[in-house]
Each structure stands twice: as structure tokens, then as C-alpha cells.
Number of protein chains: 2
Amino acid sequence: MKYEDFVRLNYLPDGDLICEYYLETKENFKKAAGAVAAESSIGTWDPNLTTMKLGIEKLAAKVFEIKGNKIKIAYPLELFEIDNVSQIFSSVAGNVFGMSIIENLRLLDIEIPEEMLKSYKGPKFGISGVRSFLKIEDRPLIGTIVKPKLGLTPKEQSDVAYKTWIGGVDLVKDDENLTSMSFNRFEERVTRVLELKDRAEEETGEKKGYMPNITAPYKEMEKRANIVTDLGGKYIMIDILTLGWSSLQEISKNTKLAIHGHRAMHGAFTRNSKHGIRMIVIAKFARLMGVDQLHTGGVVGKMEGEKDEIIKINSALKSGIMKKTFPVASGGLYPGCVEKLIKIIGKDTVIQAGGGIHAHPMGSEKGAMAMRQAVEGAMEGYSLKEYAKEHEELKTAIDRWGVVE
Amino acid sequence: MKYEDFVRLNYLPDGDLICEYYLETKENFKKAAGAVAAESSIGTWDPNLTTMKLGIEKLAAKVFEIKGNKIKIAYPLELFEIDNVSQIFSSVAGNVFGMSIIENLRLLDIEIPEEMLKSYKGPKFGISGVRSFLKIEDRPLIGTIVKPKLGLTPKEQSDVAYKTWIGGVDLVKDDENLTSMSFNRFEERVTRVLELKDRAEEETGEKKGYMPNITAPYKEMEKRANIVTDLGGKYIMIDILTLGWSSLQEISKNTKLAIHGHRAMHGAFTRNSKHGIRMIVIAKFARLMGVDQLHTGGVVGKMEGEKDEIIKINSALKSGIMKKTFPVASGGLYPGCVEKLIKIIGKDTVIQAGGGIHAHPMGSEKGAMAMRQAVEGAMEGYSLKEYAKEHEELKTAIDRWGVVE
């Protein structure tokens, strides 16, 4: 089969996996589009494969739509080991990005057919499960990343966590590059932080969550997840991209804990608008693999992220019958962002602030209070500036960082 | 600490991990450079962290060199869980790519200090070990990817493998998207292919290798590696990027087999010259984690790859005292590429051809003969055209595909 033979514009997909790509080429567009379908399914650069049997051609991926630079390709499910996400990526997001016939190629979106969806269990808790064990029904969850990112001892870290819980934060997480270091060993940290979580729960009468980062080689990760389970934790946190699909899928099968997914490294391949992989593709598979909470961008703040893109991703995390993944807004957020953020992405979100809590002029506890006030004020329909008149901590935060209009 | 405080041009690195980045920003360059060092070590966007202790500042990463758009950052080793590659990437190749203060950021290279190197065992075999068990001392190894990529039954696949071994190929590998599919289950495939490998070894008097693709969720992967071991195989193949560091590190600890590393998906983040991660960074860590053979680019052919870049990567795979990783040239190669290829990258390489063997007008066996002739001719100092005069299979290949001058 020649590259062009992989283009069949009259083909009607039926139960196929469908990928939408943005494509640029200096060669014939149809040929390049066919090359993407060929390389990601059964073809190669020379059409004369003497071993090619008639029976194989039915496995060919087909370019069935071309609109400007956007193409859609249908992949018969037989091409996949249906519950092996690494294999699926090796097909539809593998060699194709390196082919010399293309100038730019971006995997924009993916439609996962029913039969493939059925092979995945999805989140164990999801939005409803997390809301239920935290007993928070009607507002965004408030999270914090303990700061400074690295350098605190387990005792210092647990003290900071405790203060923010007391101040009104629901969820405390490790930073993405804190795992088990010489100055802060995993087991001691988790022990101390969970102890103070219990105390904070008693003192506030609220449920709290701690999300320790277990990112590590697989067996060490499983060991750390078991430590968390044994110590009574409810959550693990995983850097899903620097860790990889193989371990993420496996740990998800082998733990009963809720999974908080951090997306560190995504910007390496999601940021260029013409090349790489769009975050929505990562998000859809993360949900399939059981991620209960996923970073999808802060809308405003230090991390790049387009508003419309984030709305689309968050919507994908909540569509269909599988349990919904909680989108997490994170990166450079502070109390003054909250009103705008809720307006844009709604209340079914985790709003996380690191610096926006711990760098509060009155300290971490008051910083947490300011965030909680911002969320409660917004949910009650006040403007932040109005609400700040009666809430000193929020006022101090607004004086320092302002309000995003 | 403000972002600018992470820039210390008078700092002399001493045992630090050193990362070189290409950086573009619309803001103050020094501030953006400091932001990269801050976000990847202990900082955040607001310098007023009330919890910041004096003792932590010694952990700060430092921008110690700025040359045009290139910066070098020194990371104290205490920032890392030294044998946890996922954690290292979450630090130096994580959030930094998504920060709004940068326009483009590319991790160009990484210098791994002695103390970190010592935490990794590296390849179990490496170039010398692989050469020794294949008993091939003086020429590039010749590999093939069975084609078509997908669709062959185990019996068909083993027949194709057998033909190419008989024709003169040393190593046969699965394609990157073939794992265990309905039409070709892993165990049956490996059983059949290894049986015919034994037969090919007997008939040719040469040692042969088969590299079955075990890419899967971790425990399934370990199971498949054990199947290969039990059946007497010597190799496993892994799609190291779609699988991920966590599983790669773990399987490397738990197998005695040689590891062939495929880099499917790298183009998603290596291809843009201003953003993402350069392949050499991936290659250096793959070697540390025990990859014996690694795809580094075909120099010529269907996959994109700059000549100088590949030479630099291949050289990195062979420097230092750790066992050397065999670079694999792959992607759109055919006999007419061989002479040029060996001139550029030398004989310590695996030369792989898929279509360039199986699409040979006389079939896979003759296609394999043509590749072997091309390698032997080049090693004996002949030009391919000259050597083809006495070698019909090579002549047929050259008539079809030409010679790269």
C-alpha cells in the first residue's frame, strides 16, 4: 500500500479509535496524511512489502477527513492491545512525530470508542467519591502545596500542613519534586503529616486530605502506597508523566487510595500549538487509568494555559458514564483569582495555591483563611472586594496580590 | 528569594547536576532564567515565603552561566532522590516548560556528576557484552523490524524472522506498536520466533537475537520478561518513553535480559529546536537505567534526525567508564544507506532496516542478504556500487532504492 492508499475520504468510522491531528508538510498533503496513518498502523515507507497479505489491509488506519490542516484518522481496534495505554501511545503518538515527511504534527484530540472504554475502570472515587469522603458538596475544594517546594524537614512540613488545615484548607499535597529525600524521608513525612491531619480534623470538625507524592520506580512506589494505606491515608499523588503510563496503570490496579495526578513535564510537548500532544488527550487517558484528580491548568497564574483549552479539558473529565475526574486548578494562584476562576470553570474543581497561601504576609494559616474566605465569599455571591471588607485575611491577600477581574 | 536571586554568575559548580537550557522570554532575561532555577528547585512566584528558613537557601539551584539564550543551572544533589529518574525529571524537566514567564525553553544537555552516576548500574551487557554473545567483533550489527508492523500471525512473523536470519540479519525485533494483540499473542509469538531462531543459528552457524516488545503495565511486563527468560531468549524490547521511567527502572532491576530501547514518541518533545527536551538527555538517562541498545536516529531515512546531533548522542552513549550503550540507527534505512552511515557513525552501531529489507523486490531473505552484503562490502572498503557488481541481491536493492552519497 502506498501512503496515499491510507486516505479514504468516503470511509465511515464504526467503532474505531479516532484521532484528530494538525499536520503541516512541505510535500503533498494527502501523501503526508497517509504517511501518518501508515506509520501508526500497518504501513512503512516502501509500499512493496512482499509479506503483505490481503487479510492485513483491513487493519489499515484510514484518513477519513481532511479540513485545512486538520485530519481525522480512524484506527480499527484490532490494532491495539486495548487495555495497554503505552501500546496505544506507541501507535498513535509514537514514531509519527519524528517522520521527515512532516514539518509539524499535533495530536489534537482522541475519541475513544465504547469497547475500549469498557476495558478501563476509571477513577475509584471521582468527584462524587471525593466530595463524599470530605463531606463537601457545594463548593470547590481548596488545596495547598506545601512551600518551599523542597528543604523542609518532616516536622516542618507537617507543621505547615497543620496550619493550613486549621486555616481552612481541605487538601494538602507534596510538591511534584518532593519524594523521599535525605532531608525529608517519605515514611517519616507521611507519618507526621497524617498525625497532624487527624488533629486538624478533630479541631476543625472537618475532613481533611493529604496527598503524599509516591513517584518512584514501580515497586518502591507500590511500597510507598502501602505505607500510606497502613498509616490510614486516603490519597496518593503521582507525577503521571515523568513516571509513565506503565506504572500509573499498574499502581491504579493495586491500590484502593484516591489518585491525585500531577502533570509535570506536559509543557515539553503540549505547549507548541502546532506540534506534540494536546493536554486533552493526556487527560482522557489519565481518567481511564483511574486518576481521581488531575491538574489541568490554572487559567490565571504562573503556568501557561488557555482558558478555552482548560474548559474543554475539564468538560472531557466529566462527560460520559465513567466516574468524573476532579480537575485541579494550580500554578501561581492566590485568593484574588478565585472569583474569576469559579466563574470560568465552575465549582467542581480543586483550587490549589502554594505561594498564594504560604507567602501571605500574615503566614500560612492566615493565608489559608484568606483562600477559604475567597471561596466562600464567591459561592455566596459576594464580590471579593466586598467580602474582604469584613475579612481581614482576605483583605491582606488582596492588598498584596490584587484581584483578577 | 526573588527569581533574580537564583542567578549567581560567580558560582562555581562542585559536584552539582548541571543542566543547560535554551531560553526565550518576553520579560527580563535574568528574571526568567532565575524563574527556571527557582521553579525547578526551591522557589515559587512570590519571594515572601514566611516558612523559608535560612537553611533552605543552600538548596537553591543557581544559574551560573548565561551565554546569549543559553543558560546553565547547577542543582545541588540534595534536591534529588538520587536513584529516582522520575523525580529528577519532575525537577529539571517538569513545570518549567509550562511557566508563563517563558516563551520557549529547551533542556539541551545534562551533566551528571560522579555521585549520581554511581547510583546506577547502567547496561548489563552494553556494546562489549552484546558483541560477545553474538560473536561479532568487527562490524555493525544488522537488525530488522518484522514488517508489516501489525497484522501477521505468530507463525507468519516467525517465518519472516527466520528468512531474514538465514539471509544474514543478526537481530530481529518486533515493531514498537506490536505487543500482545488478538491476531498475535505475545507468548505464542515468542515461542515460535525463538524456535526458529534456534534453527537459524544451527543452519547458519551464527548467533542470532530476537527482541520481543514487552511494553505493558508493569506487572504484565515483568511477566512477559519472565516468559522470554523461560523460553531461552536473551533480549527484551521496550518503548521506553510511552512506557515511562518508573517501569523502565524497575524492569531493569528485575531482569537478566539485554534491553533494546525504542524511543517512540520522542519527536513530540525533541523536534522543536527551541522547546522541549533534547534526545541526548533521554539517551544519557536511558543508559544509566540499563538500556543496552537505544534508537538514536537513522541519519538518513524516514525519521527526522540531524547528523551532528546523532553523532553527539552516540558519543555520549559510549563515554565514561559505565558499560556502553549500543546506538541503533533505524527508520527508513536500506542497503544504499549503509556505506554513508558507517562513515558517519562508525561500526559500533546496530543498523536496522524494516521496509529496506522486507520490501526488497526478491523478498525478505534476499533483502536481508543485500543488507549483509552492504555492511560487509563497506567494512572491506568497497564502494557499494562496486560491491554490487558481484552481489545480485545488493544490486537489486540499489536498483530499487539507490545509494546515498
Side-chain angles (χ1 to χ4, degrees), chain A residues 42 44-46 48-52 56 59 78-79 81 84 86-87 89-91 93-95 97-100 147-151 160 176-177 179-181 215-219 239 242-247 249-250 264-265 267-269 272 275-277 302-304 332 354-355 358-359 363, chain B residues 42 44-46 48-52 56 59 79 81 84 86-87 89-91 93-95 97-100 147-151 160 176-177 179-182 215-219 239 242-247 249-250 264-265 267-269 272 275-277 302-304 332 354-355 358-359 363:
Chain A
I42 62 164
T44 192
W45 57 275
D46 189 307
N48 178 42
L49 282 182
T50 55
T51 52
M52 184 70 92
I56 291 175
L59 292 178
E78 293 87 338
L79 288 170
E81 185 174 359
N84 180 345
S86 302
Q87 188 272 339
F89 270 70
S90 288
S91 296
N95 283 350
F97 296 114
M99 298 176 81
S100 50
K147 299 280 177 185
K149 296 166 80 91
L150 294 182
V160 174
E176 76 284 350
N177 55 356
T179 53
S180 188
M181 347 286 286
T215 302
Y218 181 75
K219 289 183 184 175
D239 297 342
T242 59
L243 182 99
W245 300 147
S246 165
S247 275
Q249 270 201 276
E250 194 63 58
M265 198 170 86
F269 56 82
N272 178 339
H275 189 76
I277 305 170
K302 71 179 169 175
M303 299 294 167
E304 187 264 354
H358 306 290
Chain B
I42 61 164
T44 192
W45 57 275
D46 189 305
N48 178 42
L49 281 182
T50 54
T51 52
M52 183 71 92
I56 290 174
L59 292 178
L79 288 170
E81 185 174 359
N84 181 345
S86 302
Q87 189 272 338
F89 271 69
S90 287
S91 297
N95 283 350
F97 296 115
M99 297 176 83
S100 51
K147 298 282 177 183
K149 295 166 81 90
L150 295 181
V160 174
E176 77 284 350
N177 54 355
T179 53
S180 187
M181 348 286 286
S182 54
T215 302
Y218 181 75
K219 288 183 185 175
D239 298 342
T242 58
L243 183 98
W245 299 148
S246 165
S247 275
Q249 271 201 275
E250 193 63 59
M265 198 170 87
F269 56 82
N272 178 339
H275 189 75
I277 305 170
K302 71 178 169 174
M303 299 295 166
E304 188 263 356
H358 306 291

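All chains are named by letter (A, B, ...) in the order of the sequence lines, taking the proteins before the strands, and each is independently numbered beginning at 1.
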Colleague: Please identify, among A/E176, A/H275, A/K219, the residue contributing the most non-hydrogen atom pairs under 4.5 Å to chain B.
Modeller: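 Greatest number of close heavy-atom pairs with chain B: A/K219.
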Colleague: With a 4.5 Å cut-off on heavy-atom pairs, point out which of A/L79, A/N272, A/D46 contacts chain B the most.
Modeller: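 Of the candidates given, the most pairs with chain B belong to A/D46.
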Colleague: Show your reasoning for whether side-chain contact (heavy atoms from CB on, under 4.5 Å) applies to A/I277 and B/M265.
Modeller: CA-CA 10 Å; A/I277 305 170; B/M265 198 170 87; 4.1 Å; yes
Colleague: With a 4.5 Å heavy-atom cut-off, do B/P217 and A/N84 have their side chains touching?
Modeller: yes
Colleague: Once you round to the nearest 0.5 Å, how far does CD of B/E250 lie from OG of A/S247?
Modeller: 7.5 Å
Colleague: Please identify, among A/G267, A/A216, A/S90, the residue contributing the most non-hydrogen atom pairs under 4.5 Å to chain B.
Modeller: A/S90
Colleague: Measure A/L59 against the heavy atoms of chain B and call it side chain, backbone, both or neither at under 4.5 Å.
Modeller: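 It is the side chain, since no backbone atom gets that close.
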Colleague: Quick one: closest heavy-atom pair of A/S91 and B/N177, and the distance?
Modeller: OG-CB, 3.0 Å
Colleague: Under a 3.5 Å threshold, yes or no: a donor from one side chain and an acceptor from the other, between B/S86 and A/T215?
Modeller: no
Colleague: Ignoring hydrogens, what is the shortest heavy-atom contact between B/E81 and A/M181? Give both atom names and the distance.
Modeller: N-CE, 3.8 Å
Colleague: Count the heavy-atom pairs under 4.5 Å between each of A/A264, A/S246, A/A93, A/G354 and chain B, then report the option with the highest count.
Modeller: A/S246
Colleague: Could you report the tightest heavy-atom contact between B/T242 and A/W245, atom names first, then the distance?
Modeller: O-CD1, 3.5 Å
Colleague: Nearest 0.5 Å, what's the CD1-NZ distance between A/I56 and B/K149?
Modeller: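 Output value for this atom pair is 13.0 Å.
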Colleague: Between the side chains of B/Q87 and A/T179, does any donor sit under 3.5 Å from an acceptor?
Modeller: no
Colleague: Tell me which of these, A/G276, A/S180, A/G244, has more heavy-atom pairs under 4.5 Å with chain B than the rest.
Modeller: A/S180
Colleague: Do the rings of A/Y218 and B/Y218 sit parallel, tilted or perpendicular, given the 30° and 60° boundaries?
Modeller: parallel
